[in-house]
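Following: one structure in structure tokens, then a few remarks.
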Amino acid sequence: MPKEMLPVVDKPAIQYVVEEAVNVGLHDLLMITGRNKRALEDHFDRVPSLESTLEGKGDTEKLASVQAASKLGDIHYVRQGDPHGLGHAVLRAKQHVGEEAFAVLLGDDLIDARDELLGTMIDVQAETGGSVIALIEVEPSEISAYGCADVQPIEGESYVRVNRLVEKPSVDEAPSNLALIGRYVLHPAVFEVLERTAPGRGDEIQLTDALQELATGEGEGYGVYGVVFRGRRYDTGDKLSYLKACVQLAIDSEDLGPGLREWLPGFAAGLSK
Ligand code: G1P
């Protein structure tokens, strides 16, 4: 099963990501998929046989949740072909995107819907005319799992200017403890840069490397800005983070929350099964 289809409480992880985009008004969605990812397309498609069974049974609640996934937006798909890295995947969107700024959401990063991020990034992109990345503070020892940004404050603004970016630096080389997470709002100038970005770390075409050029070079659409996110983020590619996402989202849900709250403390303390 593709990891994006892992259920988080009652929906696959990818549905949260699509809902996040739709919630800030992005309805034209392009999914860059690959081999073995057909389940994603099926999930966002209609399921006529299931829908008519539920209709026949009068189960309107389940019917609504099955139909919800197929009504989210206008979803297009393109396959990455050979996986040459995140930069290569983003480049596959060039033709679809055209000349407009666009958002990139990585399928294994979940941003809690109660915390604001993408809308702010879109506003910062519109204001600056450059590209915008999302940053979190991590323990210095964790930085080598992420792209890392050297930033400086901008007077009077809540976002920062990005001076330099390094993909997955060693702890010693890292310019800060600010890590890139899987949300970007990019100026289309990134495509032309990606086209000539040589394979970098892991022999892959790195989006971070293209953004480093946009941060340091000069030209239309250049300049990279960062929004530091302090809300809840879950990495479904990490087992512990995935489990935390399930618990945190379930505990606050109306139907599952009360039962889980009652049971969890005793279970965690070893007092109940
Ligand atoms: C990618 C990016 C990295 C970023 C990370 C966030 O890495 O290359 O800069 O910090 O996503 O999840 P990946 O996790 O795909 O190796």
Side-chain angles (χ1 to χ4, degrees), residues 2-4 6 8 13-14 16-18 20-21 31-37 40 80-93 102-112 115 117-118 121 131-151 160 162-171 173-186 190-191 193-194 197-216 224-242 244-245:
K3 62 183 175 189
E4 296 83 359
L6 275 177
V8 179
I14 189 69
Y16 289 88
V17 178
V18 169
E20 182 189 339
M31 243 181 243
I32 318 288
T33 69
R35 281 184 281 281
N36 307 321
K37 304 256 181 187
L40 293 169
Q80 191 182 356
D82 295 322
H84 291 310
L86 179 58
H88 175 248
V90 171
L91 195 49
R92 299 287 289 126
F102 63 105
V104 175
L105 293 84
L106 304 192
D108 44 9
D109 265 353
L110 297 192
I111 301 297
D112 198 304
D115 299 323
L117 176 61
L118 194 56
M121 295 175 72
S131 289
V132 184
I133 57 174
L135 298 165
I136 56 166
E137 281 181 36
V138 298
E139 290 298 322
S141 60
E142 291 169 0
I143 196 72
S144 52
Y146 298 91
C148 176
D150 172 29
V151 305
V160 293
V162 175
N163 294 327
R164 187 160 77 93
L165 289 160
V166 196
E167 178 67 4
K168 305 205 174 101
S170 67
V171 177
E173 289 162 344
S176 77
N177 68 334
L178 288 172
L180 274 83
I181 56 170
R183 297 293 179 273
Y184 306 81
V185 179
L186 304 176
V190 73
F191 291 125
V193 178
L194 277 170
T197 298
R201 202 173 166 89
D203 207 22
E204 294 188 333
I205 298 171
Q206 297 293 347
L207 180 59
T208 307
D209 293 345
L211 290 171
Q212 155 69 8
E213 185 170 332
L214 288 179
T216 51
V224 178
Y225 302 86
V227 171
V228 180
F229 179 61
R230 302 191 195 278
R232 289 157 282 196
R233 166 202 176 241
Y234 315 103
D235 174 2
T236 55
D238 174 84
K239 285 183 206 168
L240 182 61
S241 185
Y242 168 72
K244 285 182 184 170

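Numbering of ligands and ligand atoms starts at 1, following listing order. Numbers here are sequence positions counted from 1.
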Hey, is ligand 1 close enough to [X] that some N/O pair sits below 3.5 Å?
X: Leu106; value: no
X: Gly182; value: no
X: Lys168; value: yes
X: Tyr146; value: no

Identify the protein heavy atom lying closest to atom 9 (O) of ligand 1, giving its residue, its atom name and the separation to 0.1 Å. Glu167 OE1, 2.7 Å
Which residue owns the protein heavy atom closest to atom 6 (C) of ligand 1, what's the atom, and how far is it? Leu180 O, 3.4 Å
Should [X] and [Y] count as side-chain neighbours, where that means a heavy-atom distance under 4.5 Å?
X: Val227; Y: Leu135; answer: no
X: Thr236; Y: Ser241; answer: no
X: Arg183; Y: Glu20; answer: yes

Whether Asp112 and Arg233 form a salt bridge (side-chain N of Lys/Arg under 4.0 Å from carboxylate O of Asp/Glu) is what I want to check. no
Has the side chain of Asp235 got a donor or acceptor atom that lies under 3.5 Å from a matching backbone atom of Gly237? yes
Which of the numbered atoms in ligand 1 are under 4.0 angstrom from any heavy atom belonging to Thr208? 9 (O)
Please list, in number order, the atoms of ligand 1 under 4.0 Å from a heavy atom of Gln206. 8 (O)
Show your working on side-chain hydrogen bond (donor to acceptor under 3.5 Å, both in side chains) between Glu204 and His88 and close with a plain yes or no. CA-CA 8 Å; Glu204 294 188 333; His88 175 248; over 6 Å; no
For ring pair (Phe, Tyr, Trp, His ring centres under 6.0 Å), just list the numbers for Phe102 and Phe191, CA-CA rounded to whole Å, side-chain angles, deciding distance to a tenth of an Å, and then say yes or no. CA-CA 11 Å; Phe102 63 105; Phe191 291 125; 5.0 Å; yes
Please indicate, with yes or no, if any protein heavy atom is found under 4.0 Å from atom 11 (O) of ligand 1? yes
Yes or no: does Asp109 have any heavy atom under 4.0 Å from an atom of ligand 1? yes
